[in-house]
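We're numbering straight along the sequence, starting at 1.
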Amino acid sequence: MHIGYITSEYPHPKVTHAAGIATSIKNLAVALVKKGMQVTVFVYHQNTSEVIEDEGVTIHLIAKKQYPVLTWYFYRKRLKNYINRVVKSKQIDLIEAPDWTGITAFMRFNVPLVIRFHGSDAYFCKLDKRKQKFKNFVFEKMALKKAKAYIAPTSFAGEETAKIFGLHLNKIKTIHYGLQLEQFSNVQPQVYDTKTILYIGTIIRKKGVLELAEIFNKIIASEPNAKLKLIGGDSGDLHTGNASTYALMRSLFTPQAKANVSYLGKIPYAEVQEHIKNAHVCTFPSFAETLGMVTIESMALQKPVVNTSIGWAQELIDDGVNGYLVHPTNVDVYAEKIVKLINDKTLCSTIGQAARLKTETTFDILKQADKNIVFYKDVISKKI
């Protein structure tokens, strides 16, 4: 079986951008190759066009191109023609694409199309209580309606997307993202920077960073030696028009808290794991995710995580067993959970071990790859 993936991001030095979606796609692609599958990845909107090989995966970099008019249409047509040629010459059996802005809205393939709910613009706008651009909604709905079936990383993401676009739930399969767990080994989980709280993710309102500022203010009031480390690119704020959400976040810190905050900005993915290992507690108070790769990566490295309690998170963490779930707006309880952890090393160790066990049972990419293979075969054989 030969599977093709369409994406705008993939973890490779020659690719212009890679985030959580990219990691999830690569983890699956490499796992499928280990299972004997062929995998081709089409990465669009790149600086140059090139075909490269990486860990058994064939990667087609497709350069971005501007047209005098209707670039959104003609570039999609260019992608479709290119992909269909490769589908035919390399005998690809199935194409998978993301839902974001409906990249496949004007594409028809000669093989079945599956769309994975990495998170559509409509989905995030709903969770973030923002108005979506009408064009984006139309493109996303067109793309989804053309797909034969869908994969959701969490049941919550699947159900919410189905409501938004009027999709049949019986065509949606929940298959969690997975990790190459052998790459997430923490041989000294008891060694870390005491009272260091780590956040990883874009500095943007929907990730709960403004609430995190208030949470840290409360932590500092009782734990003056606590430190907050932030990793991720800054972003403009749509609600206020401010060019920097970090500037908004910084304005919320008390003077005492501000002195204990370090913002590292965007760093190479290869360096992130060491920061997780060095953290005492990891925290992700997001309002909008489909799953949250960095949450399960932190759990795999035996870190106690205080996470949002919204929908998808309840499929990652069993509250009080392998992490804590608290709504981001409940800043008092959120702060209390973090303070409880940084003052109890035994509790941190117990939760960290349980978190690792959770990833081994639920987020092992080799187990998740088997589920994807079964689903792909069912789509190809028209059982779905």
Under the 3.5 angstrom rule, does the side chain of [X] hit a backbone N or O of [Y] as a donor-acceptor pair?
X	Y	result
H168	N170	no
E315	S155	yes
T308	P285	no
E140	A122	yes
S251	L248	yes
K303	A279	yes
Y123	E289	yes
D344	L347	yes
Y10	T23	no
N260	A226	yes

Does this structure show an ion pair linking [X] with [Y], if we count only N-O contacts that are shorter than 4.0 Å?
X	Y	value
R205	D128	no
K277	E271	no
E360	R356	yes

Should we count [atom1] of [X] as having more than 12 external heavy atoms under 6.0 Å?
X	atom1	value
K88	NZ	no
Q256	CD	yes
Y67	OH	yes
K173	NZ	no
K345	NZ	no

[X] ring center near [Y] ring center (under 6.0 Å):
X	Y	answer
Y246	Y263	yes
Y75	H45	yes
F139	F106	yes

Taking atom types as modelled, find out whether [X] and [Y] have a side-chain donor-acceptor pair closer than 3.5 angstrom.
X	Y	answer
T161	Y150	no
N322	Q353	no
K90	H2	no
H60	Y82	yes
Q302	N186	no

hydrophobic_cluster_shared for [Y] and [X], side chain cutoff 4.5 Å:
X	Y	result
Y177	V57	no
I197	V331	yes
L113	I25	no

Interatomic spacing from [atom1] in [X] to [atom2] in [Y] - rounded to 0.5 Å:
X	Y	atom1	atom2	answer
Y269	I231	OH	CD1	12.0 Å
D370	K35	CG	NZ	3.5 Å
K367	I175	NZ	CD1	15.0 Å
L94	I380	CG	CD1	5.0 Å
T346	I351	OG1	CD1	11.5 Å
N278	H275	CG	NE2	7.5 Å

Nearest heavy-atom pair of [X] and [Y]: which atoms, and what distance?
X	Y	value
S24	H118	OG-CE1, 3.6 Å
A313	N307	CB-ND2, 3.4 Å
C348	H280	SG-NE2, 3.5 Å
A149	F375	CB-CZ, 3.6 Å
I103	M107	O-CE, 3.1 Å
I92	I3	CG2-C, 4.2 Å

Yes or no on side-chain hydrogen bond (donor to acceptor under 3.5 Å, both in side chains) for Q132 and D121, after CA distance, side-chain angles and deciding distance?
CA-CA 7 Å; Q132 185 188 20; D121 186 42; 3.2 Å; yes
Take D319 and Q314, measure what side-chain hydrogen bond (donor to acceptor under 3.5 Å, both in side chains) needs, and give me the verdict at the end.
CA-CA 8 Å; D319 188 30; Q314 296 169 25; over 6 Å; no
Using the test side chain to side chain contact (heavy atoms under 4.5 Å, CB included), find all partners of K133 that sit at least two apart in sequence or belong to another chain.
N136
Tell me every residue that passes side chain to side chain contact (heavy atoms under 4.5 Å, CB included) with K14, counting only those two or more places apart in sequence or in another chain.
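Side chain to side chain contact (heavy atoms under 4.5 Å, CB included) check on K14 returns H12, E50, I52, L61.
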Min side-chain heavy-atom separation [X]-[Y] under 4.5 Å:
X	Y	result
S222	V339	yes
Y5	V43	no
K207	Y199	yes
M299	I317	yes

Apply side-chain contact (heavy atoms from CB on, under 4.5 Å) to residues I21 and W100 and explain how you reach the verdict.
CA-CA 11 Å; I21 292 173; W100 175 257; 5.9 Å; no
Criterion ring-ring contact (aromatic ring centres under 6.0 Å, His included) on F165 and F137, from CA distance to verdict
CA-CA 9 Å; F165 295 105; F137 177 80; 5.4 Å; yes
Go through the steps to decide whether L179 and I365 satisfy the test side-chain contact (heavy atoms from CB on, under 4.5 Å), and finish with yes or no.
CA-CA 5 Å; L179 299 176; I365 191 57; 5.7 Å; no
Residue pair F287, L127: steps toward the side-chain contact (heavy atoms from CB on, under 4.5 Å) verdict:
CA-CA 7 Å; F287 289 95; L127 295 186; 5.9 Å; no
Distance under 6.0 Å and angle within 45° of the ring axis: does K65 meet both against F74?
no
Yes or no on side-chain contact (heavy atoms from CB on, under 4.5 Å) for T202 and D234, after CA distance, side-chain angles and deciding distance?
CA-CA 6 Å; T202 305; D234 196 4; over 6 Å; no
Would you sort out whether N372 and R116 count as a side-chain hydrogen bond (donor to acceptor under 3.5 Å, both in side chains), showing the intermediate values?
CA-CA 11 Å; N372 280 274; R116 193 178 300 257; 2.7 Å; yes
